[in-house]
Participant: 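Encoded as structure tokens, here's the structure I'll be asking about.
The figures that follow rest on heavy atoms only: side chains count, while hydrogens, waters and symmetry mates do not.
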Amino acid sequence: MKGNSPFIVLITITITIFGLSAIVNSQTDSCSSTLNLQSVTLPFDAASLHCRAVWDAHSYILRYSETTPGTWTFVLSAPAADSYIAMGFSSNGQMVGSSAIVGWMSPTEGGVIRRYYLGGTSPSLVELDKGNLVLTNYSFITTQSATVYMGFQLVTDQPQTKLIYSVGPTGLLPVAPNYRLTEHFDKVATSINYITGQTTSSTGSPCTRLRRSHGVLNILGWGILMIIGVIVARHLKSYEPLWFYLHIGIQSFAFVFGIIGVICGFVLDNKISADVSTHKALGIFILVLGCLQVMAFLARPDKVSKARKYWNWYHQSVGRLLIILAAANIFYGIHVGGEGKGWNAGYGVVLAILVVTAVFLELKLWFRK
């Protein structure tokens with residue numbers, strides 16, 4: 001059993017990577033799947049809808065078709081989150097002057113779909129139940145398999161081809177009676193050819209890729225590799241000096257990824273000026289703890305030194321605190337970033353695998369003693 005420890009760690013890393021990929025992919029809709037809404041009765045043939053991925057950054061999928069002469073049906077899907085989703089129709093590709101359909105899942109009202117006219121950039125100029133969109137009496141919004149689906153029908157011979165998609169800030173849903181719409185968290189402007197289905201992005205948010213890079217790097221560095229490095233140091237010490245070089249190598253990669261992730265966070269904060277003071281403060285504190293660990297390694301006393309046991313206590317305590325705060329801040333960052341349940345579930349499964357592996361190895365070590 002003793003010789004199996006390295007293989008357990010390697011299996012853990014493999015399962016972690018594939019587990020994250022499988023969970024995230026399972027939470028998103030795609031055009032390869034058939035629209036089959038269990039809680040909604042569709043008055044048209046779902047197979048007749050054309051399907052296109054229209055906003056990869058937020059996994060927006062649009063299905064559309066002229067289901068009857070003069071009536072166009074649209075079904076927009078996105079990962080379920082505590083925020084609104086919106087689809088605007090514009091004559092010039094600009095948000096100001098466009099009319100939009102906005103939907104969200106309210107904890108008190110259930111599914112809500114409302115029409116807005118975007119007369120300006122301030123919330124007071126976003127008018128409820130205004131605009132040039134003529135809707136039929138049929139509309140729906142529902143969640144299924146961690147995906148929200150918003151469907152509506154327009155009465156028009158030809159819908160406008162310049163479409164704008166947006167996602168609202170997490171936790172700030174419109175409420176009755178005025179349903180005031182808060183400023184979007186992210187948006188993209190596109191154009192579509194309804195015949196060929198070809199879509200092009202006119203403008204997009206330059207921060208989306210930066211935000212996700214910030215998240216992925218910090219998850220990989222502080223939230224995964226750092227934990228694996230601790231497991232190696234704790235349970236592979238019989239493989240001297242292999243465990244030491246593995247521990248240093250893994251933690252070095254974790255620290256580098258973490259620093260790059262933090263830098264991405266500072267750049268992102270400078271670009272969007274978001275109110276994420278708690279997330280930012282925790283991130284800085286975690287970086288300070290990481291720097292203290294590096295300095296502690298450089299000042300590591302000799303094994304025969306009397307100070308070695310105090311150094312060990314300090315090094316291990318700071319490491320445990322760093323990991324706990326990093327995991328908490330990762331989940332909090334996913335929340336404020338509005339990435340939805342897929343990211344939470346993905347990292348949650350990865351973290352659970354690492355914790356179970358650590359507990360298993362700890363029990364194995366305890367029984368051996």
Side-chain angles (χ1 to χ4, degrees), residues 27-29 35-44 46 49 54-55 58-64 67 71-90 95 98-156 159 163-188 335-336 338-342 344:
Q27 301 297 324
T28 57
D29 187 22
L35 182 64
N36 182 21
L37 301 178
Q38 300 172 357
S39 60
V40 177
T41 301
L42 302 176
F44 51 84
L49 299 178
V54 291
W55 193 11
H58 290 280
S59 302
Y60 273 35
I61 301 292
L62 179 66
R63 294 175 172 87
Y64 68 91
T67 46
T71 300
W72 287 75
T73 299
F74 296 88
V75 179
L76 180 66
S77 67
D82 188 22
S83 57
Y84 66 74
I85 62 173
M87 177 177 175
F89 295 80
S90 173
M95 180 167 283
S98 66
S99 299
I101 305 297
V102 184
W104 62 91
M105 298 300 298
S106 168
T108 56
E109 300 178 82
V112 181
I113 294 181
R114 302 305 296 254
R115 180 168 54 103
Y116 292 86
Y117 172 70
L118 287 77
T121 56
S122 65
S124 61
L125 297 177
V126 179
E127 301 179 74
L128 178 67
D129 295 330
K130 297 290 182 65
N132 57 11
L133 299 179
V134 180
L135 303 176
T136 69
N137 292 327
Y138 179 79
S139 65
F140 68 86
I141 184 167
T142 186
T143 56
Q144 181 175 299
S145 301
T147 300
V148 59
Y149 295 86
M150 179 178 71
F152 58 91
Q153 291 183 321
L154 294 182
V155 179
T156 179
L163 306 179
I164 302 173
Y165 305 96
S166 66
V167 58
T170 302
L172 296 177
L173 298 176
V175 295
N178 57 4
Y179 293 107
R180 176 65 63 88
L181 199 65
T182 55
E183 184 179 358
H184 58 266
F185 174 74
D186 199 5
K187 73 175 181 72
V188 66
H335 169 71
V336 298
E339 290 297 344
K341 296 179 180 179
N344 272 322

Participant: Do the non-hydrogen side-chain atoms of Phe152 and Val75 ever get within less than 4.5 Å of each other?
Facilitator: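 No, side chains not in contact.
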Participant: Do the non-hydrogen side-chain atoms of Phe74 and Pro159 ever get within less than 4.5 Å of each other?
Facilitator: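 Phe74 vs Pro159: side chains touch.
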Participant: What pair of heavy atoms forms the shortest contact from Val148 to Pro79, and how long is it?
Facilitator: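 Taking every non-hydrogen atom into account, CG1-O, 4.2 Å.
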Participant: Are the ring centres of Tyr116 and Tyr84 closer than 6.0 Å?
Facilitator: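 For Tyr116 and Tyr84, the ring centres are not under 6.0 Å apart.
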Participant: Side-chain contact test, heavy atoms from C-beta onward, threshold under 4.5 Å: evaluate it for Lys130 versus Ser99 and give yes or no.
Facilitator: no
Participant: Sequence neighbours left out, what passes side-chain contact (heavy atoms from CB on, under 4.5 Å) with Ile113? Give chain and number order.
Facilitator: Ile101, Ser139, Ile141, Met150
Participant: Are Leu135 and Leu154 close enough, and set up right, to give a side chain to side chain contact (heavy atoms under 4.5 Å, CB included), and what steps lead you there?
Facilitator: CA-CA 5 Å; Leu135 303 176; Leu154 294 182; 3.1 Å; yes
Participant: In the structure I gave you, are the side-chain heavy atoms of Trp72 and Val155 within less than 4.5 Å of one another anywhere?
Facilitator: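 No, every pair of side-chain atoms sits at 4.5 Å or beyond.
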Participant: Do the side chains of Ser59 and Thr147 get nearer than 4.5 Å, heavy atoms only?
Facilitator: no
Participant: Within this structure, what is the CG-OG1 distance for the pair Leu49 and Thr67, rounded to the nearest 0.5 Å?
Facilitator: 7.5 Å
Participant: Going by the side-chain contact (heavy atoms from CB on, under 4.5 Å) test, name the single residue among Val134, Asn132, Leu133 that passes it with Arg115.
Facilitator: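 Of all the options given, the one that passes is Leu133.
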Participant: How far does OG of Ser166 sit from CE of Met95, to the nearest 0.5 angstrom?
Facilitator: 5.0 Å
Participant: Considering only heavy atoms from C-beta outward, does the side chain of Leu125 approach that of Leu118 to under 4.5 Å?
Facilitator: no
Participant: In Å and rounded to the nearest 0.5 Å, what is the OG1 to CD distance from Thr136 to Gln153?
Facilitator: 4.0 Å
Participant: Would you name the heavy atoms of Pro169 and Ser83 that are closest together and state the gap between them?
Facilitator: O-CB, 3.6 Å
Participant: Check the pair Tyr149 / Leu37 against side chain to side chain contact (heavy atoms under 4.5 Å, CB included), numbers first and verdict last.
Facilitator: CA-CA 9 Å; Tyr149 295 86; Leu37 301 178; 3.6 Å; yes
Participant: Where is the tightest heavy-atom contact between Thr143 and Met105, given as atom of each residue plus distance?
Facilitator: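 Closest pair (atom of Thr143, atom of Met105, distance): CG2-CG, 3.6 Å.
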Participant: What is the minimum heavy-atom distance between Leu76 and Ala86, and which atoms define it?
Facilitator: CD2-O, 4.2 Å
Participant: Between Trp55 and Tyr60, does the ring centroid distance fall short of 6.0 Å?
Facilitator: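 Here the rings of Tyr60 and Trp55 have centres that are less than 6.0 Å from each other.
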Participant: Would you sort out whether Leu62 and Tyr165 count as a side chain to side chain contact (heavy atoms under 4.5 Å, CB included), showing the intermediate values?
Facilitator: CA-CA 10 Å; Leu62 179 66; Tyr165 305 96; 3.3 Å; yes
Participant: Locate the shortest heavy-atom distance separating Val126 from Gly120; write the atom from each residue and the value.
Facilitator: CG2-O, 4.2 Å
Participant: Side-chain contact test, heavy atoms from C-beta onward, threshold under 4.5 Å: evaluate it for Val167 versus His184 and give yes or no.
Facilitator: no
Participant: If you measure from OG1 on Thr73 to CG on Leu42, what distance do you get to the nearest 0.5 Å?
Facilitator: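 Thr73 OG1 to Leu42 CG: 9.0 Å, rounded to 0.5 Å.
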Participant: Measure the CG-CZ distance between Leu181 and Arg114 for me, rounded to the nearest 0.5 Å.
Facilitator: 11.5 Å
Participant: Return the minimal non-hydrogen interatomic distance between Tyr117 and Gly131, and the atom names on each side.
Facilitator: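 Between these two residues, the closest heavy atoms are CB-N, 3.6 Å.
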Participant: Could you give me the CA-CA distance, side-chain angles and deciding distance for Leu35 and Arg63, then say whether side chain to side chain contact (heavy atoms under 4.5 Å, CB included) is met?
Facilitator: CA-CA 9 Å; Leu35 182 64; Arg63 294 175 172 87; 3.9 Å; yes
Participant: Between CH2 of Trp104 and CG of Asp82, what distance do you get to the nearest 0.5 Å?
Facilitator: 12.5 Å
Participant: Measure the shortest side-chain to side-chain distance between Phe185 and Glu183 over non-hydrogen atoms and say whether it is less than 4.5 angstrom.
Facilitator: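 They are not in contact (no side-chain heavy atoms under 4.5 Å apart), so the answer is no.
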